[in-house]
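For reference, the structure is listed below as structure tokens.
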Amino acid sequence: MSRRGGGPVTVLNVAEKPSVAKSVAGILSRGTFRTREGRSRYNKIFEFDYAINGQPCRMLMTSVIGHLMELEFADRYRKWHSCDPADLYQAPVMKHVPEDKKDIKKTLEEEARKSDWLVLWLDCDREGENIAFEVVDVCRAVKHNLFIRRAHFSALIDRDIHEAVQNLRDPNQLFAEAVDARQEIDLRIGASFTRFQTMLLRDRFAIDSTGEERSRVISYGPCQFPTLGFIVERYWEIQAHEPEEFWTINCSHQSEEGLATFNWMRGHLFDYASAVILYEMCVEEPTATVMNVPHPRERFKYPPYPLNTIELEKRASRYFRLSSEHTMKVAEELYQAGFISYPRTETDSFSSRTDLRAMVEEQTRHPAWGSYAQRLLEPEGGLWRNPANGGHDDKAHPPIHPTKFSSGESNWSRDHLNVYELVVRHYLACVSQPAVAAETTVEIDIAGERFSASGRAILAKNYLEVYRFESWGGSVIPVYEKGQQFIPTTLTLDAAVTRPPPLLCEADLLSCMDKAGIGTDATMHDHIKKLLDRGYATKDANTRFSPTNLTNIIPVASQDLSLAIRYELWKPNLRALMEHDMNEVSVGRKTKAEVLETCLQQMKACFLDARVKKSKLLEAMTIFFERSNNTDESESQTAGEVVRRCNLCNESDMALRKNRDGNFMVGCMNYPQCRNAVWLPGPTLEASVTTNVCQSCGPGPVYKILFKFRQIGIPPGFDVNHLGCVGGCDDILKQLIDICGTGSRSQARRTPGTAPSNNIQGSNTRQSNVCIHCQQRGHASTNCPSRVPASQNSRPTATNPRNDESTVSCNTCGSQCVLRTANTEANRGRQFFSCPTQGCSFFAWEDSINNSSGNATTGSNSGGSGRRGSRGRGRGGRGGQSSGGRRGSGTSFVSATGEPVSGIRCFSCGDPSHFANACPNRNTSNGNYF
DNA sequence: GCAAGGTC
């Protein structure tokens, strides 16, 4: 650094925010700076003397407030009707200083004029680098020969700041250009889509330009839309959920020492037949034998990592039901008043140079947590533990922590008290020992089935004493000894149904955004708020988000539009791709111009395609407006064209319909009482019912449907026009459904290629709900009037014929499957293999092995004598088919003598090509096989 | 009037 003349040089220092300017000035001047006002009332100017590399300097330190400039279209393109929105992909853009930042600009200009050097103290991230160049532009415009340097610091502490000022470098142009690219892309695609969608809506629906609708903007943004996408996807998942029954065996034992509740180590089974067989064997031989009583094991529950912004928002939402936006507002006020540290930080680890104990010392006066803080500081207490490192560091700010003691200020609201308490208790928890417990797990065996019960004794609460937001329950179970036997107090076979996941709560949404890189810690809450403000989503009292009707149409429309051209505007990939490109620019692998050109070209193509297909969007909007204007919010389905009499309820007709996603189905008009439906091939573009009656299907007339398929969606060899029948006779429809799938959401979730069916009606219904006992609909299997509850069955008189000598090994988990004998009324004496491994639900009838007739697993209850077929669930069963057909190459079982065993087929659906654990019908949402 | 990113 060269000396300019003989005397001291004047150095203008600029920080990203007033607080940093003050801190840096304080550190460099050792607290001796003078303060004077600037043009902006928030941005003071601090003056002091300092020597940089031996050069005496008269230091002027001031600040901006984040970005000084905004990107905007040239005047001619600024009005909404001034141009075609497609022009916004080439329209000139420029940076300008908005009105509310003009006074800061003036300060910079005035101070730059009298300075020789400009030292940039912006935050050390890409945005900071970009702001640095905004400052440079303003200052250079009035003083072209300024000597410009950049200070790099990672924390506002003496050593870092002094080191930074003695090791000044050049600002990083590439970092700034990466942000320029991001800004330009965001502006162009956001403005073009928003103007297009909003104006389309206005023109088509003639919205009153003076009413409330005038302010309605149907915006699109690369952060707000993916955020909305998370909400909509979860909503769809819930809508598509079809409850499925499952069964579990529960056992309890009450003794003088207390109650132990044992859990079935298989978890639960989705197949009633196997559950009831295993249950009845337990009832038959109910003596429980204690197999294993390991010594109590020490368990720890660790305190959370130091608090960063996203965690603060998530926890305040969970603990106090505060919105992330309100949490940040309150945190900002606490920060401004000096009670907590800077609230916008990614960092979740403390620097080794932080004086952690001083912060605890401050809190010892507090009436609620003061005594805990005091104990933390006592070395003999052993409560102290250095905080864990969460692995994130934004190099600019420490984790959020208390900076000033307060037992509550008079102007604080309940929310201020809560957020401050959370910050303090979280900090105290971070520097505390984990909670400790002793856990014991007892394992018992009843008739070959394993059950376990756990007890937990809390040995030391440690951090949980102060962190009242978390708990760790203790439970006591009686003491058991290995080999001890007892008769359970209760032994029940209980049914339950799968439930859909809950709507996303605010903490879930923040996690989704964080994981997908949508927004930054400082902006996530803004995106969420925008969705609520724009009427795309609503939030209930439990902070759970639902899409509004308006929301439902936009992503759907966008999805339909974008699928055709492979851009999914509402999915998070777009942001991830942009983020990747920004990284490429910031390391110099791509130029800003290159990234802009490629990205904008693609986005413009997407936009033009969307415009061509605007009928799709209008159609979706029509549905929305019709719904909005309809006071009856129920899903009253408009009558469609009748195809046939419903062959399930026999009470209503089935009509051709198009759902809100644009997919076709033939559904019972008695919905939701009757859920019979046939989903039509996914690529169906148009469908209409003809007067042509199918000659082979019935009962009653089944009218044929005239289909028009999307050429691009069907395989070669199929015609786009097809006169088809949904009664079950139409092989072309079956093949198209097999290959292309249907528009059913639940079907769409399946693994591609795993939903074959030979019967369009059979596997394509909304929810079969067929009772597995009597094969009738209308009641659950557990309430079948033809059944005597399993526990009330008369006890079989036969002794247990289990034969543990004969085994096969399961190639799924490698365990020896035990050959056992059923005691149930329907299957008495019949042998089966079951895998004893927890989590492996393998089950196979012995007579299905080496038995190519295959009728053992297909529900042939008409046999009547001896070993009857199992009560298969009938889902895609392949009764009577030879097992020698399709067979997976990995399906090898060996008998106890090492001989290969053939003929095993899936217990769930009877297909010999796979085992039950690979059955396409299995429910994977809860990690279980069936 | 539109985006997302800073921050008082």
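As the structure is a prediction and not an experimental result, all values here were calculated from the model. Each chain gets a letter, A, B and so on, in the order its sequence line appears, and its residues count up from 1.
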Report which part of the nucleic acid [X] touches: base, sugar-phosphate, or nothing (heavy-atom distance under 4.0 Å, all strands).
| X | result |
| --- | --- |
| G519(A) | sugar-phosphate |
| Q183(A) | base |
| K530(A) | sugar-phosphate |

Nearest to side-chain heavy atoms of [X], which nucleotide of [options]:
| X | options | value |
| --- | --- | --- |
| Y42(A) | dC2(B), dC8(B), dA4(B) | dC8(B) |
| H67(A) | dG5(B), dG1(B), dC2(B) | dG5(B) |
| D186(A) | dC2(B), dA3(B), dG6(B) | dA3(B) |
| Q336(A) | dA3(B), dG6(B), dC8(B) | dC8(B) |
| L187(A) | dC8(B), dG6(B), dA3(B) | dA3(B) |
| L71(A) | dA3(B), dG6(B), dC8(B) | dA3(B) |
| E332(A) | dC8(B), dG6(B), dG1(B) | dC8(B) |

Checklist entry - Taking DNA chain B as the partner, which of residues 408-420 of chain A come within under 4.0 angstrom of it by heavy atom? => result none
Checklist entry - Quick one, which residues of residues 580-596 of chain A touch DNA chain B with a heavy atom under 4.0 Å? => result none
Please state whether the rings of [X] and [Y] are parallel, tilted or perpendicular, taking 30° and 60° as the class boundaries.
| X | Y | answer |
| --- | --- | --- |
| F607(A) | F193(A) | perpendicular |
| W121(A) | F153(A) | tilted |
| F33(A) | F46(A) | perpendicular |

Checklist entry - Do W80(A) and the base of dG1(B) stack face to face, with centres under 5.5 Å apart and an angle between planes under 30°? => result yes
What's the [atom1]-[atom2] distance between [X] and [N], to the nearest Å?
| X | N | atom1 | atom2 | result |
| --- | --- | --- | --- | --- |
| H397(A) | dG6(B) | NE2 | C1' | 11 Å |
| I518(A) | dA4(B) | CD1 | C1' | 12 Å |
| L228(A) | dA3(B) | CG | P | 13 Å |
| L334(A) | dC8(B) | CG | C1' | 15 Å |

The criterion is salt bridge (charged side-chain N to carboxylate O under 4.0 Å, His left out); which residues satisfy it with [X], sequence neighbours excluded?
| X | answer |
| --- | --- |
| R315(A) | E311(A), E470(A) |
| K404(A) | none |
| E584(A) | R589(A) |

Item to check | With D123(A), the salt bridge (charged side-chain N to carboxylate O under 4.0 Å, His left out) member among R344(A), K17(A), R150(A) | outcome: K17(A)
Checklist entry - Is the phosphate of dT7(B), meaning OP1 or OP2, less than 4.0 Å from a side-chain N or O of Y335(A)? => result no
Checklist entry - Do the side chain of E72(A) and the base of dC2(B) come within less than 3.5 angstrom through a donor-acceptor pair of N or O atoms? => result yes
Got a list of side-chain donor-acceptor pairs under 3.5 Å for residues 90-100 of chain A, not counting sequence neighbours?
{"residue": "K95(A)", "atom": "NZ", "partner": "N130(A)", "partner atom": "OD1", "Å": "3.4"}
{"residue": "K95(A)", "atom": "NZ", "partner": "D180(A)", "partner atom": "OD1", "Å": "2.9"}
{"residue": "E99(A)", "atom": "OE1", "partner": "K102(A)", "partner atom": "NZ", "Å": "3.3"}

Checklist outcome for this item: Rounding to 0.5 Å, atoms CG (L509(A)) and CG (L228(A)) come to a distance of 9.5 Å
